[in-house]
Amino acid sequence: KNGNETDVDCGGESCPACADGKSCQKSSDCQSSRCENNTCVSCSDGVKNNQSETDVDCGNQCPTKCDVGKMCKGNSDCVSSNCQGQVCALPPCMNGVKDGQETDIDCGGSSCAKCASGKSCQDDSDCVSNNCLAGFNKCV
């Protein structure tokens, strides 16, 4: 390392950009164009970088969204667009659980698909048939 290089034979104004893991002072010192904590990082290095990724190679500033089960900070970090307790989760209407506004598992309510015959309902709009049997609260 000499001159204005940020690492051995890379970085600075007169040398080629540095690979991931090499020292840097600014983004232009890095092949990935990302310098964090004076180290070149990328979203494809198999390592969770502290500031720019919510899980390994995904989320936050990375172009790749995180799969279900990976860490997240918000819905935009997840392929499913559903971050629950800082973990990417299945969308509410596809998680196999009666939750939220659903009247039965993954159906009914204001945000999920209508329920099939025999599923629980609160009113006609919850049912594919548009018929919720009063007194039984079942789609017919």
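Atom SG of Cys15 sits about 10.5 Å away from atom CG of Asp7, to the nearest 0.5 Å. Summarising the geometry, atom CG belonging to Asn4 is positioned 8.5 Å from atom CG belonging to Asp29; distances are rounded to the nearest 0.5 Å. Once rounded to the nearest 0.5 Å, the distance linking NZ of Lys119 with SG of Cys132 reads 14.0 Å. Asn131 CG to Lys138 NZ: the interatomic distance, rounded to the nearest 0.5 Å, is 14.0 Å. Rounding to the nearest 0.5 angstrom, the gap separating the CD atom in Glu102 from the SG atom in Cys93 is 5.0 Å. Rounded to the nearest 0.5 Å, atoms CG (Asp55) and SG (Cys62) are 10.0 Å apart.
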- [ ] Just do the side chain to side chain contact (heavy atoms under 4.5 Å, CB included) check on Lys114 and Asn130 with the steps written out, would you?
- [x] CA-CA 9 Å; Lys114 294 183 177 199; Asn130 286 318; 2.8 Å; yes
- [ ] Would you sort out whether Lys73 and Cys83 count as a side chain to side chain contact (heavy atoms under 4.5 Å, CB included), showing the intermediate values?
- [x] CA-CA 7 Å; Lys73 290 183 181 177; Cys83 181; 5.9 Å; no
- [ ] I would like to know whether Ser125 and Asp123 meet side-chain hydrogen bond (donor to acceptor under 3.5 Å, both in side chains); could you show each step before the answer?
- [x] CA-CA 6 Å; Ser125 66; Asp123 59 49; 2.4 Å; yes
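Closest of all the heavy-atom pairs between Lys48 and Glu53 is CA-OE1, 3.2 Å. Across all their heavy atoms, Gly108 and Cys112 have their closest contact at O-CB, 3.4 Å. Across every non-hydrogen atom of Asp57 and Thr64, the tightest pair is O-CB, 3.8 Å. When all heavy atoms of Ser76 and Lys65 are compared, the closest pair comes out as O-NZ, 3.1 Å.
Checked by atom type and distance alone, the side chain of Thr6 pairs as donor or acceptor with a backbone atom of Ser23 at under 3.5 Å. The backbone N or O of Val41 sits less than 3.5 Å from a side-chain atom of Ser32, completing a donor-acceptor pair. In this structure, the side chain of Thr54 engages the main chain of Met71 through a donor-acceptor pair within 3.5 Å. Between the Asn137 side chain and the Gln122 main chain, no donor and acceptor come within less than 3.5 Å of each other. Checked by atom type and distance alone, the side chain of Ser120 never pairs as donor or acceptor with a backbone atom of Asp104 at under 3.5 Å.
Looking at heavy atoms from C-beta onward, Asp67 lies out of side-chain contact with Cys58 at the 4.5 angstrom threshold. Taking 4.5 Å as the limit, some side-chain heavy atom of Cys88 sits within range of a side-chain heavy atom of Cys72. With a 4.5 Å cut-off on side-chain heavy atoms, Ser129 and Ser117 do not count as touching. Residues Leu90 and Asn82 form no side-chain contact, since every pair of their non-hydrogen atoms from C-beta on lies 4.5 Å or further apart. Looking only at side-chain heavy atoms (C-beta outward), Cys24 and Cys18 stay at 4.5 Å or farther from each other.
Distance check for Cys40 and Cys30: the SG atoms are under the 2.5 Å cut-off.
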